[in-house]
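Each ligand, and each atom within it, is numbered from 1 in the order the structure gives. Heavy atoms only: backbone and side chains are in, while hydrogens, waters and symmetry mates are out.
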Amino acid sequence: MTQIRPVNLFEYEAMAHKRLPPAVWDYFSGGANDEVTLRENRAAFERIQIRPRVLVDVSQISMATTLLGAPVAMPICVAPSAMHGAACEDGECATAAAAGALGTLMAVSTESTRTLEEIAQSPTGPLWFQLYFSSSTRGHAERLAKRAEAAGYRAIVVTVDSSRWGQKERHARSEATFTWPPSGNFIQDPLPDRNEDEADGAAITWADIEWLRSVTALPLVLKGILTAEDAHECAEHGIAGILVSNHGGRQLDTVAATIEALPEIASAVAGRCEVYLDGGVRRGTDVLKALALGARAVFVGRPVLWGLAVAGAEGAQHVLELLRDELELAMALAGRPALADIDTSVVRTRAL
Ligand SMILES: Cc1cc2nc3c(=O)[nH]c(=O)nc-3n(C[C@H](O)[C@H](O)[C@H](O)COP(=O)(O)O)c2cc1C
């Protein structure tokens with residue numbers, strides 16, 4: 001571990017910035033275009049105020065819950081992100097061990113550096129598999145889904161905000177200055193040659209989602225939902241979970257901060273599927289606000305990569321511990337000792 005142990009996630013960010021090659025830093029930290037949404041994800045959390053209750057017995061704080069039936073020790077999970085091998089040697093195996101040590105869930109990216117099978121062999125908690133696919137790569141997607149099922153993954157997270165890849169300008173500038181590790185899952189089963197005329201991205205429609213459902217027994221979570229209309233469609237189509245996400249501000253710039261999109265989605269779904277949020281979660285109070293506005297759990301992306309870059313599995317674990325401890329403190333000071341006590345009365349929604 002490093003000499004000075006960071007006391008919050010922002011200190012991990014600063015340390016990771018110093019350690020990582022500039023191209024990797026640009027890829028991890030950047031957002032699309034002007035990065036308006038990237039900044040909004042943080043700013044919107046900061047605008048929301050908490051309404052604490054006092055004189056409540058907070059001697060016991062309980063944050064254990066379930067996600068699609070799988071028990072987790074806390075409502076803070078690891079978001080799927082590519083290329084953990086660019087942050088530390090053990091890549092996603094280190095991340096999985098960190099999540100496992102905290103008794104929480106990790107979503108593994110299609111674009112992991114380690115294979116999904118290697119990751120599942122780590123001492124870890126529940127795993128979900130994030131799938132990128134296109135209508136033209138259904139065969140490949142089916143094999144990945146079957147591999148995930150066989151390896152013990154409990155859900156498929158389909159990322160639906162990426163019909164084309166967003167323009168991450170910092171990444172575009174420095175990408176060529178670094179040798180990126182290969183995507184582990186594609187080594188034994190490469191994607192069929194891309195049609196040059198085809199737009200680069202994961203272009204799918206509801207027909208592809210229905211098809212995917214017919215070839216896997218795993219529940220589906222759709223990641224990248226930002227409107228009540230699409231949330232309603234999800235519920236109508238029997239989707240098990242919705243991850244409210246703007247891809248960490250990396251896809252369509254100037255969409256809303258996820259914490260601002262969350263209330264309309266929670267209200268449209270009205271309990272028909274589980275709702276989660278990612279994007280800009282850096283403090284325990286952010287987690288409390290997301291739970292208050294209808295999320296069952298939150299996912300964190302970049303901070304886990306910072307932890308990996310600073311101190312491998314130990315760093316990623318410490319990042320998750322810091323968030324857990326901050327959430328525990330926030331629940332105590334807000335006078336909501338159990339997850340069931342957290343509802344919209346926790347926040348001043350006027351700010352939204
Ligand atoms: C470096 C990086 C790589 C990512 N790769 C993927 C990916 O492969 N699949 C995916 O669905 N989302 C990916 N994401 C988006 C994350 O799942 C998540 O939505 C986002 O990071 C959450 O915001 P946060 O970083 O502010 O916590 C990536 C994000 C980052 C920062």
For [atom], which protein heavy atom lies nearest, and how many Å away is it?
| atom | answer |
| --- | --- |
| atom 9 (N) of ligand 1 | Tyr132 OH, 3.0 Å |
| atom 17 (O) of ligand 1 | Pro80 O, 2.6 Å |
| atom 8 (O) of ligand 1 | Ser109 OG, 2.7 Å |
| atom 5 (N) of ligand 1 | Ala82 N, 3.1 Å |
| atom 11 (O) of ligand 1 | Thr159 OG1, 2.7 Å |
| atom 15 (C) of ligand 1 | His247 CD2, 3.4 Å |
| atom 27 (O) of ligand 1 | Gly301 N, 2.9 Å |

So, does Leu38 sit close enough to ligand 1 that a heavy atom of it is under 4.0 Å from the ligand? no
- Message: Taking a cutoff of less than 4.0 Å between a non-hydrogen atom of the residue and any ligand atom, is Arg282 in contact with ligand 1?
- Response: yes
ask   = Is the NZ or CZ atom of Arg250 both under 6.0 Å from the centre of the six-membered ring of Tyr27 and within 45° of that ring's axis?
value = yes
Does only the side chain of [X] get under 4.0 Å from ligand 1, or the backbone, or both, or neither? Count heavy atoms.
| X | result |
| --- | --- |
| Ser81 | both |
| Arg250 | side chain |
| Asn246 | neither |
| Gln130 | side chain |

Discussion item. I'd like to know if the side chain of Thr124 and the backbone of Ala96 have a donor-acceptor N/O pair within less than 3.5 Å.
Written reply: yes
Taking distance alone, with N or O pairs closer than 3.5 Å, would you say Asp278 contacts ligand 1? yes
Check your understanding: Looking at ligand 1, does any of its N/O atoms fall within less than 3.5 Å of an N/O of Pro303?
Key -> no
Atoms of ligand 1 under 4.0 Å from any heavy atom of Ser245, numbered from 1 in the order shown, are 19 (O)
- prompt: Quick one: does Trp128's side chain get under 4.5 Å of Leu67's, heavy atoms only?
  reply: yes
